[in-house]
Amino acid sequence: MNKAHLSTFTAGLLALASPLTHLLAQAPEAASSYKVVNAAKVGGAGGYDYVYADADGRRLYIPRGNRITVFDLDSLKPLGEIANTPSVHGAVADPRAHHGFSSSKPVVMWDTETLATIKTIDVQGGPDGILFDPATEHVLILSHRAPNATVIDARDGSLVGTIDLGGAPEQGAADGQGHLYIDLEDKDQIAVVDAATLKVTAHYDLGGKASGPAGLALDAKNHILFACCRNPATCVILSADDGRILASLPLGAGTDGAAFNPTTMEAFSSQGDGTLTVIKEASPSSFAVEQNVPTKAGAKTCTLDAKTNQILLITAEYGPVPAPPPAGPAQPASGEAPRRPRRGPMVPDSFTILVVGH
């Protein structure tokens, strides 16, 4: 190719490339920008379930068996413990009253500034999930067996009442306008509760789209629920006004927690298979899986830090599953063979806090 032709060819390439370069410069940040930005191995003994970020108080509460470990939400350095919380599963805090509560039996109420225990509150059932309603300053202790929800006044720790939800609750969400939404794992429904009267006003069915709802997130502004289910691994998206199903999207395996960020208009579902599914709400009628973020196996629950727009998860490492005992003449009275553990023992000091962000 002679110089004249080469010059013409090069000019043509530049002319074609210029619009493309401009488009690339104007393109939004790739949807795959979420990643684990911090992994703090904090160790410690005890199992784990839910994790809770107090975005106003800048504290992170992690139940560990019979205590709640407390960390600085920014540095993840330990700040102390809430002791004597038997079989604790979750925690919440009231940012106005500066009171924290455990989902344990009894419930422990503490001062969120000093971490000093204020009182213990006797409850019935088997405390599991926990929910704070900012509109009424009520804490709901959720239980798979009756009573399904015990309601406590966060200002003074007094018992307000109980609610029969009609099924086994997992996770709940409050819209701040007097409505509570709680998924019922065994009924494949979402119970709608009037926060003032403590009465169930509706049950939204998942319409056969999926079963075993474990995580629930709410876009309070647009009245949209994200029910994250295990079988199949699906997020069923519903109208919070009437339960109308808007969409269903695939998730990773083993969901056990969900959150919604109104700043980014994204719902998050954390899964035990080591993924965090991010669902983008482009509009109240348009939803898409934006990303499946690799986390770590066992990181099945999550919490949103609303001030940093980061998601925090917790997990640990486990050794091999122990071999079953050798067969012998002695058998349980039922005639059934002993069950083999689903996983091995926790590796000492492997417990880790994961932070997902940009």
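If you read the sequence from its start, that first residue is 1, and numbering goes on from there.
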Could you walk me through whether Phe260 and Phe268 pass the ring pair (Phe, Tyr, Trp, His ring centres under 6.0 Å) test, one step at a time? CA-CA 6 Å; Phe260 185 81; Phe268 300 85; 8.4 Å; no
Donor-acceptor check, side chain of [X] to backbone of [Y], threshold 3.5 angstrom: yes or no?
X      : Y      : value
Asp188 : Gly212 : yes
Ser283 : Ser286 : yes
Tyr52  : Ile130 : no
Asp153 : Ser158 : no
His89  : Tyr50  : no
Lys105 : Gly125 : yes
Ser104 : Val88  : no
Asn148 : Gly167 : yes
Ser350 : Val347 : yes
Ser102 : Val108 : yes

Minimum heavy-atom distance [X]-[Y], with the two atoms named:
X      : Y      : result
Ser211 : Cys229 : O-CB, 3.4 Å
Met265 : Asn222 : CE-ND2, 3.5 Å
Ala149 : Leu165 : CB-CD1, 4.2 Å
Ser285 : Phe287 : C-CE1, 3.8 Å
Glu170 : Asp128 : OE2-OD2, 3.7 Å
Asp54  : Leu73  : O-CD2, 3.7 Å

Set out, in order, the CA-CA distance, both residues' side-chain angles and the distance that settles side chain to side chain contact (heavy atoms under 4.5 Å, CB included) for Leu60 and Ile353, then state yes or no. CA-CA 10 Å; Leu60 182 70; Ile353 302 169; 4.0 Å; yes
To the nearest 0.5 Å, what is the distance between CG on Leu251 and CZ on Phe226? 11.5 Å
Could you check if a side-chain atom of [X] sits within less than 4.5 angstrom of a side-chain atom of [Y], using non-hydrogen atoms only?
X      : Y      : answer
Thr295 : Ser270 : no
Leu238 : Leu206 : yes
Glu317 : Met346 : no
Ile118 : His99  : yes
Arg145 : Gln124 : no

Side-chain donor-acceptor pair present, Asn84, Asn66, cut-off under 3.5 Å: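 Looking only at side-chain atoms, Asn66 and Asn84 do not form any donor-acceptor pair under 3.5 Å.
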Assess, by modelled atom type and distance only, whether the side chains of Asp133 and His138 contain a donor and an acceptor separated by less than 3.5 Å.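 Their side chains do not contain a donor-acceptor pair, so the 3.5 Å distance test is not met.
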Kindly work out whether a path of hydrophobic side-chain contacts (I/L/V/M/F/W/Y, heavy atoms less than 4.5 Å apart) joins [X] to [Y].
X      : Y      : result
Leu184 : Leu198 : yes
Ile314 : Tyr61  : no
Val36  : Val355 : no
Val160 : Leu140 : yes
Val42  : Leu354 : no

Member of Arg230, Gln271, Gln171 meeting the side chain to side chain donor-acceptor pair (under 3.5 Å) criterion with Asp256: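 Filter result, single survivor: Arg230.
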side-chain hydrogen bond (donor to acceptor under 3.5 Å, both in side chains) for Ser269 and Thr255? Distances and angles first, verdict last. CA-CA 6 Å; Ser269 171; Thr255 181; 2.9 Å; yes
Take His203 and Lys187 through the side chain to side chain contact (heavy atoms under 4.5 Å, CB included) test and state the conclusion after the steps. CA-CA 10 Å; His203 284 98; Lys187 301 296 184 183; over 6 Å; no
Would you indicate whether Lys199, at its atom NZ, is surrounded by more than 12 heavy atoms from other residues, nucleotides or ligands within a distance under 6.0 Å?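 No, the 6.0 Å shell around NZ holds no more than 12 heavy atoms from other groups.
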Is the count of non-hydrogen atoms from other residues, nucleotides or ligands lying under 6.0 Å from Lys280 atom NZ greater than 12? yes
Please determine whether a side-chain nitrogen of the Lys or Arg among Glu81 and Arg64 lies less than 4.0 Å from a carboxylate oxygen of the Asp or Glu.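 Not counted as a salt bridge, because no side-chain N and carboxylate O are separated by less than 4.0 Å.
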Asp49/Lys300 ion pair, N-O < 4.0 Å: yes
Quickly, which of Thr301, Ile62, Asn38, Thr303 forms a side-chain contact (heavy atoms from CB on, under 4.5 Å) with Leu312? Name it, please.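 With Leu312 as partner, Thr301, Ile62, Asn38, Thr303 yield a single side-chain contact (heavy atoms from CB on, under 4.5 Å), made by Thr303.
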Parallel, tilted or perpendicular: which one describes the rings of His179 and Tyr181, with boundaries at 30° and 60°?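 Tilted, since the angle between the ring planes falls between 30° and 60°.
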Within 45° cone of Phe71 ring axis and under 6.0 Å: Arg59 NZ or CZ: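 Not flagged: Arg59 not positioned over aromatic ring of Phe71.
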Check for me whether Arg343 meets the cation-pi criterion with Tyr318, that is, NZ or CZ under 6.0 Å from the six-membered ring centre and within 45 degrees of the ring axis.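 Relative to the ring axis of Tyr318, which defines the angle, Arg343 lies inside both limits.
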